[in-house]
Amino acid sequence: MEAKLVESTEIAPLVRHFVFEVPEVEKFSFVPGQFVSVNRMIDGKKITRAYSIASAPSETNRFELCLNLVHEGLLSPKLFEMRPGEGIEIRPPLGMFVLRNPGREAVFIATGTGIAPFRSILKAQLHETSQPFTLVFGVRHESHLMYREEFEEMARRFPHFRFLPTLSRPPHTWIGRSGHVQKHLHEAIEDRRDLDVFLCGLKLMVDDVRNILKEMGFDRKQILFEKYD
Ligand SMILES: Cc1cc2nc3c(=O)[nH]c(=O)nc-3n(C[C@H](O)[C@H](O)[C@H](O)COP(=O)(O)OP(=O)(O)OC[C@H]3O[C@@H](n4cnc5c(N)ncnc54)[C@H](O)[C@@H]3O)c2cc1C
């Protein structure tokens with residue numbers, strides 16, 4: 001199916017938020033946490049890349065993505081060059097990185113654009129349930145905290161949501177959390193072992209946090225992850 005770009009906006013250095021619509025359907029259906037695959041012919045080869053949907057399902061045919069530019073990459077630079085009205089080929093949403101146990105408390109750990117599926121899940125779920133969620137979001141600099149105002153607003157409105165942003169390269173003026181997400185796992189999880197933990201970002205972080213969680217006593221089935229590279 002074809003998705004047409006409605007608009008794209010820079011939301012952090014080298015990160016853009018994209019709004020697409022799918023003209024051939026009235027409503028674009030997916031489960032929060034799923035991804036779309038984007039196909040494009042580049043130098044005679046069909047290139048396919050997955051992108052987590054960053055928006056909640058709605059009654060419309062729109063969906064949103066959050067992408068960082070991989071300078072040497074094949075597809076992301078092409079997506080960054082797209083202008084409103086241009087189209088790309090996508091495959092319908094897929095993926096198992098979705099809430100498994102309705103009602104069970106969940107901790108989300110994201111780095112960089114790994115925030116995308118959690119924005120989708122939180123936008124869809126916070127209104128619907130009193131299921132507690134904690135989001136640990138790690139980036140280098142404050143300007144990379146994508147959707148920060150949205151998550152802060154969610155934390156103010158919903159007592160069952162905690163937002164724990166952390167900067168690995170904070171300025172002297174930063175009074176919030178610092179260091180990698182690994183440093184804040186205990187604050188997010190405390191002594192609980194009856195939670196599901198969702199990890200999303202690059203392999204280095206995901207593998208490291210999985211190992212820490214296993215050492216903490218988590219069962220493999222309680223750890224869900226999506227690796228971007
Ligand atoms: C299920 C899934 C969901 C994904 N969702 C998103 C998303 O929501 N947003 C997003 O920006 N990316 C996402 N990705 C990564 C995306 O599919 C591409 O890998 C990425 O855009 C790079 O593609 P490329 O063709 O530009 O670079 P390529 O030519 O494929 O690769 C260039 C190099 O960049 C590395 N790389 C891959 N992804 C990243 C990254 N995000 N940051 C830095 N280096 C990277 C690769 O390891 C590779 O060595 C997702 C990947 C998967 C598997």
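Each residue takes its place number in the sequence, starting with 1. Ligands are counted one by one from 1 in listed order, and the atoms in each one are counted from 1 as well.
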Could you work out, for [atom], the closest of [options] by heavy-atom distance?
atom: atom 23 (O) of ligand 1; options: H71, R40, R49, K78; result: R49
atom: atom 24 (P) of ligand 1; options: L74, T111, D229; result: L74
atom: atom 41 (N) of ligand 1; options: N68, L75, T113; result: N68

* Is L65 near ligand 1, meaning one of its heavy atoms is under 4.0 Å from it? -> no
* Asked: For ligand 1, is there an atom lying under 4.0 Å from some heavy atom of V15?
  -> no
* To do: Quick one: closest heavy-atom pair of Q131 and R104, and the distance?
  => NE2-O, 2.5 Å
* Counting only heavy atoms, which portion of C66 has something under 4.0 Å from ligand 1: side chain, backbone, both, or neither? -> backbone
* Residue portion contacting ligand 1 (non-hydrogen atoms closer than 4.0 Å) for K227 -> backbone
* Qualifying residue, where the test is side chain to side chain contact (heavy atoms under 4.5 Å, CB included) with L69 and the options are L14, V15, L79 -> L14
With respect to [X], determine whether any N or O atom, backbone or side chain, lies less than 3.5 Å from an N or O atom of ligand 1.
X: A50; answer: yes
X: S76; answer: yes
X: Y228; answer: yes

* Asked: Does the pair L74 and D43 meet the rule for a side-chain contact (heavy atoms from CB on, under 4.5 Å), with working shown?
  -> CA-CA 10 Å; L74 282 173; D43 297 334; 5.6 Å; no
* To do: Can you measure from CD (E10) to CZ (R16) and round to the nearest 0.5 angstrom?
  => 6.0 Å
* To do: To the nearest 0.5 Å, tell me how far M146 CE sits from I11 CD1.
  => 5.5 Å
* Non-hydrogen protein atom less than 4.0 angstrom from atom 37 (C) of ligand 1 -> yes
* **side-chain contact (heavy atoms from CB on, under 4.5 Å) evaluation trace for L75 with R40** => CA-CA 8 Å; L75 188 65; R40 184 152 166 170; 3.8 Å; yes
* To do: Please test R119 against E150 for salt bridge (charged side-chain N to carboxylate O under 4.0 Å, His left out), starting from the C-alpha separation and ending with a verdict.
  => CA-CA 9 Å; R119 180 176 184 261; E150 288 183 15; 2.8 Å; yes
* To do: Measure centre to centre between the rings of F198 and F108, then say whether the value is under 6.0 Å.
  => yes
* Provide the number and element of each atom of ligand 1 under 4.0 Å from a heavy atom of L67. => 11 (O)
